[in-house]
Engineer: 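Got a structure for you, written out below as structure tokens; questions coming shortly.
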2 protein chains.
Amino acid sequence: MARLKTTHDVFSAIGEPKRRILIEQLVLKEMSVNELVDIVQWPQPVVSKHLGVLRKVRIVSERRQGRHRLYRVQPDEFRPIQEWMHQFEKYWGSSLDQLDSYLTEIQARGKNEPD
Amino acid sequence: MARLKTTHDVFSAIGEPKRRILIEQLVLKEMSVNELVDIVQWPQPVVSKHLGVLRKVRIVSERRQGRHRLYRVQPDEFRPIQEWMHQFEKYWGSSLDQLDSYLTEIQARGKNEPD
DNA sequence: CAAACATATTCCGATATAGGAATATGTTTG
DNA sequence: CAAACATATTCCTATATCGGAATATGTTTG
């Protein structure tokens with residue numbers, strides 16, 4: 001046997017630092033490939049390939065608009081990670097307070113935003 | 001250039017499924033290598049090697065007791081992941097409620113547990 | 001100390017990438 | 001339709017693992 005694919009689930013997909021950087025941008029707003037290239041300053045094929053991986057594991061979705069392709073993050077797909085991380089939360093006493101106030105704030109605003 | 005090490009930070013370390021399985025066991029209780037081997041049924045060197053990676057990125061710590069080595073999870077080391085995941089939490093309207101009640105429950109009990 | 005035990009390490013081979021370079025595909029516009 | 005534009009894909013190479021097998025290291029016990 002040998003290595004396993006780092007491209008087949010959400011956990012391994014975010015193991016790659018460049019992919020995390022792309023996600024960090026896309027979570028801010030939907031963006032075209034060239035917009036991303038302008039920001040991160042990597043060769044376009046590099047960006048496209050990483051987007052391909054993210055797309056394969058459904059972390060991002062793509063929408064065509066003319067000759068552009070607009071990418072956006074699909075936050076729901078991160079839930080497996082969040083759920084897996086949940087097993088450690090009980091050890092984070094101090095951060096719970098922050099999170100709690102954050103939640104209160106969000107919920108005061110009206111729970112969820114439109115799609 | 002080529003692949004980058006999947007063994008140098010927390011994100012890539014948990015990208016490997018077997019390592020997640022080990023973590024899931026160790027979070028339950030401190031355990032020796034052979035205890036883990038008994039549970040997961042992989043060859044001992046495989047277990048040891050994955051533990052080595054987890055140890056290198058500080059996700060687990062090791063403590064010697066006689067000829068045994070007892071491993072345990074270091075939950076604090078997962079905080080970078082949790083913090084990174086935080087950027088998506090606002091999209092999880094429905095799960096916020098669960099989490100909120102979870103927090104309320106925890107806090108009612110007395111906020112933090114001893115180390 | 002020798003044997004048994006617990007675990008780590010080394011050496012090995014197979015393979016899945018990551019990135020570079022070049023090119024292909026698809027779209028708009030003149 | 002040709003040229004320009006936007007993006008994906010293919011081909012290539014180097015390399016970092018993953019797991020297997022064998023062995024080394026360290027500890028306890030008789």
Side-chain angles (χ1 to χ4, degrees), chain A residues 1-23 25-26 29-73, chain B residues 1-23 25-26 29-73:
Chain A
M1 293 293 127
R3 304 205 59 238
L4 27 130
K5 319 201 172 177
T6 75
T7 186
H8 278 16
D9 73 359
V10 185
F11 287 92
S12 48
I14 69 158
E16 157 66 57
K18 281 197 169 66
R19 286 197 285 262
R20 287 202 301 281
I21 291 174
L22 293 178
I23 290 168
Q25 292 303 320
L26 291 177
K29 71 181 187 68
E30 192 180 41
M31 247 181 274
S32 72
V33 177
N34 271 348
E35 278 183 275
L36 282 168
V37 168
D38 283 349
I39 292 174
V40 299
Q41 298 279 329
W42 310 326
Q44 173 263 314
V46 169
V47 173
S48 280
K49 280 177 208 165
H50 281 304
L51 287 175
V53 173
L54 295 176
R55 208 178 38 200
K56 190 184 326 183
V57 302
R58 309 283 172 87
I59 287 182
V60 304
S61 62
E62 171 220 350
R63 169 169 85 90
R64 286 156 210 233
Q65 192 181 48
R67 46 189 163 182
H68 297 254
R69 305 213 190 187
L70 302 177
Y71 282 85
R72 60 158 59 189
V73 166
Chain B
M1 292 297 127
R3 303 205 61 237
L4 28 128
K5 318 201 174 177
T6 74
T7 186
H8 278 17
D9 74 357
V10 185
F11 287 92
S12 48
I14 69 158
E16 157 65 58
K18 280 196 169 67
R19 286 197 284 263
R20 287 202 301 281
I21 291 173
L22 293 178
I23 291 168
Q25 292 303 321
L26 291 176
K29 73 183 188 66
E30 192 179 42
M31 246 181 272
S32 72
V33 177
N34 271 348
E35 278 183 275
L36 282 169
V37 168
D38 284 347
I39 292 174
V40 299
Q41 299 280 328
W42 311 326
Q44 172 264 314
V46 169
V47 173
S48 281
K49 280 177 208 166
H50 282 303
L51 287 174
V53 173
L54 295 175
R55 208 178 40 201
K56 189 184 326 183
V57 302
R58 308 284 173 84
I59 287 182
V60 305
S61 62
E62 170 221 352
R63 169 169 85 89
R64 285 157 211 234
Q65 191 181 48
R67 48 189 161 180
H68 297 252
R69 306 213 188 186
L70 301 177
Y71 282 85
R72 61 157 63 189
V73 166

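Excluded from the calculations below are hydrogen atoms, water molecules and symmetry mates; all remaining heavy atoms, backbone and side chain alike, are included. Each chain gets a letter, A, B and so on, in the order the sequences are listed, and its residues count up from 1.
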Engineer: Give, ordered by number, those residues of residues 30-37 of chain A having at least one heavy-atom distance below 4.0 Å to an atom of DNA chain D; if nothing qualifies, reply none.
Structural biologist: A/Ser32, A/Val33, A/Asn34

Engineer: Rounded to the nearest 0.5 Å, how far apart are CG of A/Leu22 and CD1 of A/Ile59?
Structural biologist: 11.0 Å

Engineer: Which pair of non-hydrogen atoms, one from A/Ser12 and one from B/Gly15, has the smallest distance, and what is that distance?
Structural biologist: CB-O, 3.8 Å

Engineer: For residues 59-71 of chain B, which residues have at least one heavy atom under 4.0 Å from DNA chain D?
Structural biologist: B/Gly66, B/Arg67

Engineer: Just how far, in rounded Å, is P of C/dA18 from CD1 of A/Ile14?
Structural biologist: 14 Å

Engineer: Can you tell me how far C1' of D/dC18 sits from CZ of B/Arg20, to the nearest Å?
Structural biologist: 15 Å

Engineer: Apply side-chain contact (heavy atoms from CB on, under 4.5 Å) to A/Gln65 and list each qualifying residue two or more places apart in sequence or on a separate chain.
Structural biologist: A/Arg63, A/Leu70

Engineer: Between N or O atoms, less than 3.5 Å apart, protein on one side and nucleotides 9-12 of chain C on the other: list the pairs.
Structural biologist:
from	atom 1	to	atom 2	distance (Å)
C/dT10	O4	B/Lys49	NZ	3.4

Engineer: To the nearest 0.5 Å, what is the distance between CZ (B/Arg64) and CZ (B/Arg69)?
Structural biologist: 3.5 Å

Engineer: Any heavy-atom pair between the side chains of A/Trp42 and A/Val37 that's under 4.5 Å?
Structural biologist: no

Engineer: Under the side-chain contact (heavy atoms from CB on, under 4.5 Å) test, which residues partner B/Arg20, sequence neighbours left out?
Structural biologist: A/Asp9, A/Phe11, A/Trp84, B/Ile14, B/Pro17, B/Glu24

Engineer: Within a strict 4.5 Å, meaning less than it, do heavy atoms of the A/Met31 and A/Leu26 side chains meet?
Structural biologist: yes

Engineer: Whole Å only: how far is the CG atom of A/Asp38 from the C1' atom of D/dC5?
Structural biologist: 14 Å

Engineer: Does anything in residues 33-44 of chain A form a salt bridge (Lys or Arg N to Asp or Glu O under 4.0 Å)? List the pairs, not counting sequence neighbours.
Structural biologist: A/Lys29-A/Glu35

Engineer: Which stems does DNA chain C form, counting runs of 3 or more consecutive Watson-Crick or G-U wobble pairs with both distances under 3.5 Å?
Structural biologist: C:1-30 with D:1-30

Engineer: For the CD1 atom of B/Ile23 and the CD atom of B/Gln25, what is their distance to the nearest 0.5 Å?
Structural biologist: 11.5 Å

Engineer: Rounded to whole angstrom units, what separation is found between the CG atom of A/Leu51 and the C1' atom of D/dA6?
Structural biologist: 13 Å

Engineer: A/His50 NE2 to D/dA8 P: how many Å, rounded?
Structural biologist: 13 Å

Engineer: Report all side-chain donor-acceptor pairs from residues 45-54 of chain A shorter than 3.5 Å, counting only partners two or more places apart or in another chain.
Structural biologist:
from	atom 1	to	atom 2	distance (Å)
A/Ser48	OG	A/Gln44	NE2	3.0
A/His50	ND1	A/Arg19	NH1	3.3

